[in-house]
Amino acid sequence: MPGSIRRYGTEMVHRTEQSERIIEALAEGEAIRGRSLWEDAKRRFFRNNAAIGALICLGLVVLFTVVGPLFSQWSIEEIDWARMGNIAGEGHPSIESGHYFGLDGLGRDLYARTIQATRTSLIVGVIGAFVAVVIGTLYGAFAGFVGGWVDNVMMRIVDVLISIPYMFIIILLMVMFERSFFMLFVGIGIVSWLDMSRIVRGQTLSLKNREFVEAATTAGVGRFTIILRHIVPNLLGIVVVYATLLVPLMILVESFISFLGLGVQEPNTSLGALISEGAGTVIYGTPWQIACPIFFFLVTIISLFFVGDGLRDALDPKDR
Amino acid sequence: MSIIEFTNLSVSFDTPDGAVKAVKDVSFRIDRGECLGVVGESGAGKSQTFLAAMGLLANNGRTSGSVRFGGRELLGLTPKEANRVRGAELAMIFQDPLTALTPHLTVAQQMAEVLSTHRGTRGADAERICLEWLERVQIAEAKRRLRQYPHELSGGMRQRVMIAMAMLCSPKLLIADEPTTALDATVQAEILDLMARLQAEENTAIALITHDMGVVARMCDRVEVMRLGAFVESGNVEDIFHAPQHDYTKMLLDSMPRLDQAKPQASPEVMSAGAILKVRDLKVNFPIKLDRGLFGRAAMLRAVDGVSFDLAPGETLGIVGESGGGKSTLARAVLRLLPETHGSVTWLGKELTMLEGKALTKERRNLQIVFQDPLASLNPRMTISASIAEPLRTFQPTLTSRERKIKVAEMMERVGLDQRMINRYPHELSGGQNQRVGIARAMINRPMLVICDEAVSALDVSIQSQIIELLKELQADMGLSMLFISHDLSVVRDISHRIMVLYLGQVVELAGRDALYSAPEHPYTRMLISAAPIPDPRVERTRNRIRIPGELSSPLEPAAALRFLPSRRGQPDYRPRLQEVRPGHWVAEHDPLEAILAARASSGMPRAAVD
Amino acid sequence: MTAYIMRRILVAVPTLVILIVLCFFLMQVAPGGPFTSERPLPPQVLANIEARYGLDQPLWKQMWDYLAGIVTRFDFGPSFAYRDRDVNDIIAQGFPVTLTYGLISFVIATLAGMGVGVVAAIRHNTWLDYIAVGATFSAQALPNFVMAPILVIVFTWQLGWLPGGGWNGGQWQYLVMPVIALSTSYVASITRITRSSMLETLNSSFIRTARAKGLPEHKVIWRHAMKPAMLPVVSYLGPTFVAMITGSVVIDVYFSTGGIGRAYVDSALNRDYAVMLGVTILYGGLTVLFNLLVDVAYAWLDPKIRY
């Protein structure tokens, strides 16, 4: 329009002095940092003493599984022939014998085995949660973003799958395809993405209809960039929270299967398997065989719950 | 004689960051049978004052001072003692009737329990009284409503039920906390009429909490103006409106747009050299799932039902209508934000509905929108400068980041934002500031058309008038055209050159702004105008009102579309045609008002038609 | 509402069919048939056995026979490991035991969880609330396989009050520990969900209306808050039911109740797919049925229900 062009022209004259002033103000503005939602969440999280305490506990457990083996004098398979005859009498935890956590029912070093079990459980938990989060997020985000009948069909499938008692399917898989670590991860991950996909789908649906996404469309931003710049960053919070809460659930599932003797195979072990063994031998007067794995199990699970809860309080958009 | 007396009432809330004072040392009284207006903007502590009297403060609330009601001290009562007063002598109704009724109890159950608690009346007796009251609040088909659940009633009906429930025991004081804010203008008018009538008939005093000076002018005898937890001015309604003493009161009154006297337009002349935007027979349908039969049934909701208009360069077209009118859908359809539309939208001679991909993106540079909810329209994880810069990045990709930054800072200054806020996030800003960010984002590429979708509705009046001034200035500056959508007729009148009235997705009237207000033709327009309160008690109380009673429970009802053309009821697919009654003044076909009223009355609608 | 329930049933039936088909095909793709053993059987013998179990039929025919057997005769076919018993015998023997303590645990977990949750919410921010929150938080980390050994150590080995296993016709002494072990962590999660849902409901606008009407507090809670607050709890009961069914396997194994879980684990160790399938499908069917009940309860609680 002619009118606006003329005005634009006069503006150009003032341009230099104005821009100098603006550049000055900008420099000042650079110094003032805004608080992003992430920083807000970080602050809230670090004010939550329970969550911080849990995080430290968790850190110690992880550290133990990494550094612990350096002090171990026995491997997980070695049998202490000298003491295996009298485990109740000589197999108790002691520093001199080098069995810090005592011996297990077969005369193997429980310290080494507990470290290995804790590590197994943590790895299964993290990888299982990772598989579930990746599948669930992609599935849910796709359904939510595409919408329409595609979304409808995809979510009906989830409805059907979610009402199947999944533990039996995992066990079926474990039995059929040899009890390998890989199968365990796949089995657990495959059945645990359902809840995740529902949550992510709901969130995506509501984000997709938010006005800032419409604003981005009118700003000419492409579909793919909208997903990357506007949808994903806003999904991240909820994904992080549920991923953290999934880890202890995955550990519970794995321990459950191992407790039944259907999980990882000897000589490898996991917390569920150790608890099962310890529970079986407690009549013979060897309480440490159950106390050690239960201790590590509880510390890990409760810490993870607290951390997840703290993250939810810090990140959940419901609070704002 | 006063029935309730507040003396030095203070309310504070314990929060993790220390005590927050919501009400500071407030003293006032309400006399028998009078209506006291308590006005102020959000956060003024209006509601907390009365919630304290009711004993309904949140658990972390603390009170001091005294509230005496009928010779009894209300503060510090045990719940048991308080329960003898509330609901019986002291009743309260709330803003949002959608959530204020218990979802799983029928209307009869919720009403009858008041009687059994306070009067000991049960069974058939109680039900008879409830029915009587439902009829007194003029609910259509009262008997059937008794058995219905809240979600089966419209918003206005629910507020009527709330009022009936509050009046069951003939209270001495009815506290109404923004009772009509969530309702459409015509429904608001009916509810206000109802309250005024009950006040007179039952001699019940009313404490009316509101932010709307127009409602005060219409209803109240006396006014208390509240700001930041304290009373700044009180007096008779006449004095407050015509001789305000306090600056804040003056400011409030000045900011209120008035339906009967528009402020001057920024650029009164519109270049009439053709239209930049031509919309022809635009239609948008949404499938609505109904719960009927084994598989459910989908019905088509015609959100926009054949709308046509032109927009000239530099012109502002106001679009008004009530909820369900299709205003926002129309805006999104014009901007191609909806997946499927029918009809044609021609932008600078190009058919927008045909454009795809790059060609469409290219046009978007000139087609921008400002949304209602300032916070929701900004990505919470981006700084405000990143949000403002986003359109620059797509439409002027050759700019260096430094140039972009300077452009953003210039724009921020232009819309009245401090440039030092560039790194701030939306949650750190106020609603008004965020709306300025939204405007800056829309204006940064100097577009030719900006659609404002209820852009000021979520803001306090004082902020609202500032934003409107800003929009006017920017328009004069850049010569842009605007579609200004609002449910508030006074605001639209202030800013528009021409105004289009929408009813259930159809245009019922289109005229120049002064013509529309001085000589409205269509009954719906007349109803809307007469329903909008004017913040001037002298004018407001002498106005003639046009009422067409009876709310529609759903726009899906076939009768709804022909509400103003009952003579065509037999042809449910008939759509009223637009006719040019005067040059530039278009009105949809309609029956005379008397015929419409007669049709209402005969179709079993409430007897209010003869009131 | 009838239409709503009919629609839920229409979803339930395909769910069951999909479950059966899925399990059946999983079994088919499993490496090594049920009769592969270290010592290869003579081909003639193998063929005979396969003919007896119908394994020489085309796949779809086997599938169809299996499905038809379950639907028409409630017949899960013969066991592969025990030549003289079929899957129905195994289920008939163990299932009543598991069902008995399972139902008791479920009812106790639901009632206790809801009760404690409601009380904690009503007494929000009192010591009672804090205790409930603290206890349930740690109890969530006590799954059945941790609770069971702990209970046995304390009540059987230390105190000698209760028998450490067995069933004995379901005498109460034999029921106590299985029920506690199975329900503890679910009492905890139901409590937490009930509490937060009740707190949210008590903050809602219609509760303020009810109080403004002068209703006594017990009426506000029972008449107005209870039903809406129960909605999320009821939808959580579906997953709880599944989790408890699963947990019963541990209980059956650890307490030697003679329940169906033992047979299941044995069949898993023996690769007796027929029994595994039968149990999985039985439990799947129960789950589907229970979810249907949950849907009905949901419709009863929420008049707005529509799908």
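Keep in mind it's a predicted model, so treat the numbers as computed, not measured. Side chains included, hydrogens not; waters and symmetry mates left out as well; all remaining heavy atoms used. Throughout, a chain's letter reflects where its sequence line sits, starting with A, and its residues are numbered from 1.
The part of A:Ile275 that comes within reach of chain C is its side chain, from C-beta onward, which places non-hydrogen atoms under 4.5 angstrom from that chain. With a 4.5 angstrom heavy-atom cutoff, A:Leu260 touches chain C via backbone and side-chain atoms both. Looking at A:Ile171, both its backbone and its side chain come within 4.5 Å of chain C, counting heavy atoms on both sides. For C:Val152, no part lies under 4.5 angstrom from a heavy atom of chain A. A:Phe297 touches chain C through its side chain: at least one heavy atom from C-beta onward sits under 4.5 Å away, while N, CA, C and O do not. Proximity to chain C is limited to the side chain of A:Phe259, based on heavy atoms less than 4.5 angstrom apart. If you measure heavy-atom distances from A:Thr300 to chain C, you find no contacts under 4.5 Å at all. Looking at C:Phe290, neither its backbone nor its side chain comes within 4.5 Å of chain A, counting heavy atoms on both sides. Only the side chain of C:Tyr254 has a heavy atom closer than 4.5 Å to any heavy atom of chain A.
Of all non-hydrogen atoms in A:Phe256 and C:Val250, the two that sit nearest each other are CE1-CG2, 3.3 Å. A:Gly261 and C:Leu269 get closest at one heavy-atom pair: O-CD2, 4.2 Å. When all heavy atoms are compared, the tightest approach of C:Ala141 to A:Leu298 is O-CD2, 3.2 Å.
With chain C as the partner, the residue from A:Gly272, A:Pro287, A:Ser276, A:Ser255 showing the most heavy-atom pairs under 4.5 Å is A:Ser255. Note on C:Leu16, C:Val253, C:Val146, C:Val265: by heavy-atom pairs under 4.5 Å with chain A, the leading option is C:Val146. Between chain A and the residues C:Thr246, C:Thr156, C:Val242, C:Thr287, the most heavy-atom pairs under 4.5 angstrom are made by C:Thr246. If you tally non-hydrogen atom pairs under 4.5 Å between each of A:Pro248, A:Ala279, A:Gly278 and chain C, the highest count goes to A:Ala279.
Within 6.0 Å of CG on A:Asn49 lie no more than 12 heavy atoms contributed by other residues, nucleotides or ligands.
How far CG of A:Asp309 is from CD of C:Gln140: 8.0 Å, rounded to the nearest 0.5 Å. In this structure, the separation between CD1 on A:Ile301 and CG on C:Leu142 is 10.0 Å, given to the nearest 0.5 Å.
Between A:Ser258 and C:Phe145, the closest side-chain pair of non-hydrogen atoms is not below 4.5 Å.
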